[in-house]
Amino acid sequence: RYDADGSTATQLMGGRSRAAGVLASGRLSLGEKPMLEISQQITFETWLYLQWFPLQYAPAFWFVNNRDQYGISVDRDGKLRCHIGNQTADVSFTRETWHHVACVYDGSRLKVYLDGQIAKCSDVSGLIPTGGTQGTKLVDDTIAGIDDIRIYARALPATDICSHANKTGCNSACE
């Protein structure tokens, strides 16, 4: 467990509990940590709230961004994208409500979960790039709420993702 360094971070309510709120040009980040250099399987998840999508100055807002290795972004068109190296899978994302977002890579498939439900499966292959030097940015130059960020060096089962989203009976089948 690591504590993030923050600039212009504040607290806001995430459901019934407090969450991190990041103001304009704010950031939360972790320095370079060897344990976050994950190469084979990974799950990264968080609760996320966006007031609005990126404007002209930024093509995307980034969350859990271990540069060129893995991350989550949301673009101007409301597409939430999970990244493994230069491979991605994306789904539609709505703003002004809290969502549980999870990206799971098992070595051959990248799965995107939204609010406990599987929303996208993409065939992805290869090792996750490692050797980063810039640490892991949890939120960078974004106005957002983010809570309960978790990164695992394994592919969590769908039942765990469903539970972390506070749901039961979630759809877990890739189509």
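The analysis underlying the following values was restricted to heavy atoms, covering all of them including side chains, and did not include hydrogens, waters or symmetry mates.
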Should [X] and [Y] count as side-chain neighbours, where that means a heavy-atom distance under 4.5 Å?
X: V104; Y: I161; value: yes
X: L127; Y: Q40; value: yes
X: F53; Y: D75; value: no
X: T43; Y: Y105; value: no
X: T94; Y: H99; value: yes
X: L80; Y: L48; value: yes
X: Y113; Y: V91; value: no
X: R154; Y: L156; value: yes

Original post:
With no hydrogens and no angle check, is any side-chain donor or acceptor of R95 less than 3.5 Å from a backbone partner on W52?
Top reply: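 No: the side chain of R95 does not pair with the backbone of W52.
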Original post:
Within the side chain of T46, is there an N or O that forms a donor-acceptor pair under 3.5 Å with the backbone of D147?
Top reply: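 Pair found, side chain donor or acceptor close to backbone of D147.
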Got a second to check how far [X]'s [atom1] is from [Y]'s [atom2], nearest 0.5 Å?
X: W47; Y: I149; atom1: CH2; atom2: CD1; value: 13.5 Å
X: Q87; Y: C82; atom1: CD; atom2: SG; value: 13.0 Å
X: C103; Y: I72; atom1: SG; atom2: CD1; value: 4.0 Å

Closest heavy-atom pair and its distance - [X], [Y]:
X: E45; Y: Y152; value: OE2-CE1, 3.4 Å
X: K111; Y: C174; value: CE-SG, 3.8 Å
X: G169; Y: C162; value: N-SG, 4.0 Å
X: G107; Y: Q41; value: N-CG, 4.3 Å
X: A165; Y: G116; value: CB-N, 3.5 Å
X: F44; Y: Y70; value: CE2-CB, 3.8 Å

**OP:** Using the side chain to side chain contact (heavy atoms under 4.5 Å, CB included) rule, pick out the option among I84, T88, I42 that qualifies with L110.
**Re:**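 When side chain to side chain contact (heavy atoms under 4.5 Å, CB included) is applied between L110 and each of I84, T88, I42, only I84 qualifies.
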**OP:** Would you mind checking if K167 and D115 are paired as a salt bridge, meaning a charged N to carboxylate O distance below 4.0 Å?
**Re:**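 Here D115 does not pair with K167 in a salt bridge, since their nearest N and O are not under 4.0 Å apart.
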Original post:
Yes or no on side-chain contact (heavy atoms from CB on, under 4.5 Å) for F93 and D77, after CA distance, side-chain angles and deciding distance?
Top reply: CA-CA 9 Å; F93 186 80; D77 297 322; over 6 Å; no
Subject >> Ring geometry between H164 and H100 (parallel below 30°, tilted from 30 to 60°, perpendicular above 60°) >> reply: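 Perpendicular: the ring planes of H100 and H164 meet at over 60°.
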Subject >> side chain to side chain donor-acceptor pair (under 3.5 Å) partner of D90, chosen from K79, H83, R81 >> reply: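 Result for side chain to side chain donor-acceptor pair (under 3.5 Å) with D90: R81.
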